[in-house]
Undergrad: 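Please find one structure pasted underneath; my questions will follow.
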Number of protein chains: 2
Amino acid sequence: MRGKADSDLVRRQNRMLVLETLRFHGPSARVDIGRLTGLSPATITTITLQLLQEGAIVERADLAATAGEGRRGRPVVSLGLNAEAAFLIAIKISIGTLEYALADYAGQIRARANVTVPTRRLSAQDFSKRLVFETQKFVRDNVITRNQLAQINVAAQGVTDNVNGAVGWSPAFRVSGVAITGPLADAFGVPCTLANDANMIAEGLIARKAVATHGTTACVFMGYGIGMGLVIDGAVYHGTSGSSGEFGHMNHIPSGALCRCGRRGCLEAYASDYGILRSAENLPDDTPCPTHAVEPEVMIALENAARRGDQNAVAAFKTAGAAIGLGLARMIALLNPDRIVLSGAGTRALDLIEPAIREAIELSVAEPLRQNLVIETLPIDRDMIIDGTIDAALRQMDAGLYATTQAMAAE
Amino acid sequence: MRGKADSDLVRRQNRMLVLETLRFHGPSARVDIGRLTGLSPATITTITLQLLQEGAIVERADLAATAGEGRRGRPVVSLGLNAEAAFLIAIKISIGTLEYALADYAGQIRARANVTVPTRRLSAQDFSKRLVFETQKFVRDNVITRNQLAQINVAAQGVTDNVNGAVGWSPAFRVSGVAITGPLADAFGVPCTLANDANMIAEGLIARKAVATHGTTACVFMGYGIGMGLVIDGAVYHGTSGSSGEFGHMNHIPSGALCRCGRRGCLEAYASDYGILRSAENLPDDTPCPTHAVEPEVMIALENAARRGDQNAVAAFKTAGAAIGLGLARMIALLNPDRIVLSGAGTRALDLIEPAIREAIELSVAEPLRQNLVIETLPIDRDMIIDGTIDAALRQMDAGLYATTQAMAAE
DNA sequence: CAACATTAATTTGGACGCCAAATTTAATTT
DNA sequence: AAATTAAATTTGGCGTCCAAATTAATGTTG
């Protein structure tokens, strides 16, 4: 049970519903919002009037023309999210790089920046300071003056603690416990959130309607690392501290191959780019892991070698597939998902690893658990982490705006 | 987002809140309900008046005396759930046995019955028929006349499909796809629900406040089989088809020991009673699994042998602990729970298996994921499945009653 | 033992939300 | 210009909640 309900809850929920509808379906007429939400025209008038007054949405006269096709009656007035209502910054922390994006309330990216930062050479405190410094620079460079900054969201690889807003362990750092949200919130005075990068991919898929709003979908990311975002009934599951879906560091073989996390036998040590490369080169499985990402060209060359019949390469991809397959089989037994979505650069080699994945699942998952299971590949190869981070931030901003009951009263 | 909100939603949610409060805290005065729910006295008066008129709750004059201790002012009137409001039947299906319980709306068990049925020798259809027959007999034996039967809930081991209300695979049956809820619903005309037995243990723990209403708790059951119920934010997670938490049939070692589910390498093949027994007796790991439960005496003898230093027995329990520990480690990586509760007869041997469990977790779970993790043992050894099934049924009945908006209008 | 104090529960009056139905608005068609 | 059509708004009513006033039931006290 969610707690007591009153008229305030009703208004907030319905305002949120209207905002979500506009975000999901794009600019829409009041009639359409009514049809999509199930709310009466009278209510839509009231709610949209408030949102217009607050500046969250705007009339889109520019879209009126489209309707003119023998359409009689009073023409519709399209309403859309007010792009200028607020701005957000999405930051992606990777090894050696900070990636910035500035987006407006409509979700459009207004500016980007990549900053080289020696993440693995800085202390926790120095990194926090540097992060604030670079963010201030990004804000200055893009003159967010009259436009208000409303939210900063950060995505990082590894184990993130999104309660305390710190990175527990990440390949990007040599140190642990790097504070992220605290310093940013202090410096900018806006809500800041830290999250795992794979979970942000899942957020992006939800926003793009690539994931159903019911049931359980596991969004697996394969590439330099292996990650997973779990979507349960349309919402990303974050776990207790925010680090659910550490699929890559789920144990595959006890005391097995060395992983860059320092442990042995993680799935990632067999199925990530560096794991595949290591086994293709017949290196001992305790060969130290590279601290930098494997160049795509190297992986593409290895894939092509495998396709030409290079036995070492073939075996390496097969090993990777078996690891992922067994990991998925274990996940399926635990969670009984209805859908698995594979994404990331690693899917480029899907032809080489998929048979082993399917074989492992068939071998170790009970038939009733897999008979209705859909496994599919997301063709989108580009980096979806920033996009998903923006989507998550927008959702939080909607939730902030919808709760603006007090602000209305104050005004 | 959950859809549009209106005054109907408000009333339903607050009625449900009042019912849940009474179920959770026992009979309470209106003032106390107000304090616990956050609703105003005026609202409590209105809601309780309706519930009294509908017969869902009753005044408990018998509890008035307890207050008399120098208490001034108008005495409280305790309200409690009306035990006679409705009745439910909980059924537990195990190998060779149907276990029945009749409970009232207050959760008190009014009658029990155990019926021997050759579950593994019947066809799917024959079992369905027999189930209806035995249930009819149970109803007749307990003369549920003026008292109305409102709900039938069934718990079964194995893979349950609670969407279609059929058992996919279970050690209780030789066949698969045994229809449960359909035949019962047809025969009795009341809502019927099928669920996995481990999930019902989790339901029981929630009702007994043994599980927090926030965060993620994994309730592991160890005994003849190995099961798990996942509680996320106070609600049992059932997965897509209702078979989440097949922890026992999560793969432990590929192509490993034979499991009674017919596959190889399941965790259960190493950590369940029969698995432990098999390895203690140094039998080949493809020795066919018994189709009946291992006698508790046999396991107790084995535990004592291990405690006396019998190396085979010690090794067998250690192997079991390692299997459970590694399984938990994998689950932790995926789900980042804040609490793990171990229960079931298997916890009797916890002294023998716990070191191996902890070792496996420490070896293969990243530190940030386990630093705030609590692992505890539930002393309750008795069979909690029937209790949990009753609790789940009561919750469904509350939800049915709270929705009784229409009934009120009709009346 | 009657007036007072205290606490529980109800009643009253008002606010806010939603909706149905009537009305207004802005276009096309005739 | 009048009729038609469809979107959006306004009006009036209903249901929910809450705060404050009132009533109810008991213990305390002079």
Side-chain angles (χ1 to χ4, degrees), chain A residues 3-18 27-53 57 59-61 63-79 402-403 405-406 408-409, chain B residues 3-18 27-53 57 59-61 63-79 402 404-406 408-409:
Chain A
K4 78 167 179 180
D6 54 15
S7 64
D8 231 59
L9 177 97
V10 172
R11 184 173 63 241
R12 277 206 309 260
Q13 182 149 332
N14 287 335
R15 280 168 60 104
M16 184 76 184
L17 198 58
V18 169
S28 318
R30 281 175 248 256
V31 227
D32 296 324
I33 300 174
R35 199 160 18 75
L36 291 164
T37 59
L39 293 166
S40 73
T43 303
I44 298 293
T45 293
T46 314
I47 289 178
T48 54
L49 185 65
Q50 288 178 343
L51 290 172
L52 281 165
Q53 284 168 348
I57 63 176
E59 292 199 350
R60 295 286 299 268
L63 297 176
T66 39
E69 184 56 66
R71 279 179 53 80
R72 308 181 55 164
R74 179 174 173 172
V76 299
V77 179
S78 275
L79 299 173
Y402 91 88
T405 307
Q406 293 83 343
M408 282 180 53
Chain B
K4 77 166 180 179
D6 54 15
S7 64
D8 231 60
L9 178 99
V10 172
R11 182 173 65 240
R12 277 204 308 258
Q13 182 149 332
N14 287 336
R15 281 169 60 105
M16 185 76 186
L17 199 58
V18 169
S28 319
R30 288 176 177 79
V31 227
D32 297 323
I33 300 174
R35 200 160 17 75
L36 291 164
T37 58
L39 294 166
S40 73
T43 303
I44 298 294
T45 293
T46 313
I47 289 179
T48 55
L49 185 65
Q50 288 179 345
L51 291 172
L52 281 165
Q53 284 168 348
I57 62 177
E59 293 199 351
R60 295 288 298 269
L63 298 176
T66 39
E69 184 56 66
R71 280 180 50 81
R72 309 179 54 163
R74 178 175 173 172
V76 300
V77 179
S78 276
L79 299 173
Y402 91 89
T404 316
T405 307
Q406 294 81 344
M408 281 179 54

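These numbers come from the heavy atoms of this one structure, side chains and all, not from hydrogens, waters or symmetry mates. Protein chains get the first letters and strands the later ones, always in sequence-line order, with residue 1 at the start of each.
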Undergrad: Check the pair A:Thr48 / A:Arg30 against side-chain hydrogen bond (donor to acceptor under 3.5 Å, both in side chains), numbers first and verdict last.
TA: CA-CA 8 Å; A:Thr48 54; A:Arg30 281 175 248 256; 3.2 Å; yes
Undergrad: Would you kindly check whether a donor in the side chain of A:Arg72 faces an acceptor in the base of D:dT4, or vice versa, at under 3.5 angstrom?
TA: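 For A:Arg72, whose side chain was compared with the base of D:dT4, there is a donor-acceptor pair (under 3.5 Å).
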Undergrad: Tabulated below should be each protein N or O lying under 3.5 Å from an N or O of nucleotides 13-16 of chain C; please produce it.
TA:
residue	atom	partner	partner atom	Å
C:dC16	O3'	A:Arg11	NH1	3.2

Undergrad: What is the distance from CD1 of B:Ile47 to C1' of C:dA9, rounded to the nearest Å?
TA: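 To the nearest whole Å, that distance equals 15 Å.
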Undergrad: Does the side chain of B:Leu51 reach to within under 4.5 Å of the side chain of B:Val18, using non-hydrogen atoms?
TA: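 Yes, at least one pair of side-chain atoms sits under 4.5 Å.
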Undergrad: Would you please test A:Thr43 and A:Ser40 for side-chain hydrogen bond (donor to acceptor under 3.5 Å, both in side chains) and show each step?
TA: CA-CA 5 Å; A:Thr43 303; A:Ser40 73; 3.0 Å; yes
Undergrad: Both B:Gly73 and B:Ala5 contact DNA chain C. Taking the nearest nucleotide for each, which residue is further toward the 5' end?
TA: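 Final value for this comparison: B:Gly73.
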Undergrad: Starting at CG of B:Leu36 and ending at P of C:dA8, how long is that distance when rounded to a whole Å?
TA: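 Between P of C:dA8 and CG of B:Leu36: 13 Å.
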Undergrad: Quick one: B:Leu39 CG to C:dA9 P, roughly how many Å, whole number?
TA: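 Rounding to the nearest Å, CG of B:Leu39 and P of C:dA9 are 15 Å apart.
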Undergrad: Taking B:Asp32 for its side chain and B:Arg35 for its backbone only, find out whether a donor-acceptor pair lies under 3.5 Å.
TA: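 Side chain of B:Asp32 to backbone of B:Arg35, a donor-acceptor pair under 3.5 Å: no, none is there.
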Undergrad: Looking only at heavy atoms, what is the nearest atom pair of A:Glu59 and A:Leu52, with distance?
TA: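 A:Glu59 and A:Leu52 have their closest heavy atoms at N-CD2, 3.9 Å.
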Undergrad: Using side-chain heavy atoms (C-beta onward) and a distance below 4.5 Å, is B:Lys4 in contact with A:Asn14?
TA: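 When only atoms from C-beta onward are counted, A:Asn14 and B:Lys4 do touch, with a gap below 4.5 Å.
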Undergrad: Do the non-hydrogen side-chain atoms of A:Gln13 and A:Leu17 ever get within less than 4.5 Å of each other?
TA: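 SC-SC contact between A:Gln13 and A:Leu17 ruled out.
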Undergrad: So what's D:dC17 paired with, Watson-Crick or G-U wobble, going by both distances under 3.5 Å?
TA: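 Partner of D:dC17: C:dG14.
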Undergrad: Mind checking salt bridge (Lys or Arg N to Asp or Glu O under 4.0 Å) for B:Arg74 and listing every partner two or more places apart, or none if nothing turns up?
TA: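 Counting only residues at least two positions away or on another chain, B:Arg74 forms no salt bridge (Lys or Arg N to Asp or Glu O under 4.0 Å).
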Undergrad: Looking across every strand, which nucleic acid part, if any, lies under 4.0 Å from A:Leu79 by heavy atom: base, sugar-phosphate, or nothing?
TA: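 The answer is nothing, as A:Leu79 stays clear of every strand by at least 4.0 Å.
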Undergrad: So which atom in B:Ala5 and which in A:Val10 form the shortest heavy-atom distance, rounded to 0.1 Å?
TA: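 Of all heavy-atom pairs spanning B:Ala5 and A:Val10, the closest is O-CG1, 3.5 Å.
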Undergrad: If you check every side-chain atom of A:Ser40, which of C:dC18, C:dC19, D:dA8 has the closest atom?
TA: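 Selected nucleotide (nearest to the side chain): C:dC19.
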Undergrad: Mind calculating the distance between CG (A:Asp32) and C1' (D:dA8) to the nearest angstrom?
TA: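 The distance from CG of A:Asp32 to C1' of D:dA8 comes to 13 Å, rounded to the nearest Å.
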Undergrad: Any idea which of C:dC19, C:dA8, D:dC17 is nearest the A:Asp6 side chain?
TA: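 Nearest to the side chain of A:Asp6 among the choices is D:dC17.
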Undergrad: Can you give me the N/O atom pairs linking the protein to nucleotides 10-12 of chain C at distances under 3.5 Å, or say none if there are none?
TA:
residue	atom	partner	partner atom	Å
C:dT10	OP2	B:Arg30	NE	3.1
C:dT10	OP2	B:Thr45	OG1	2.8

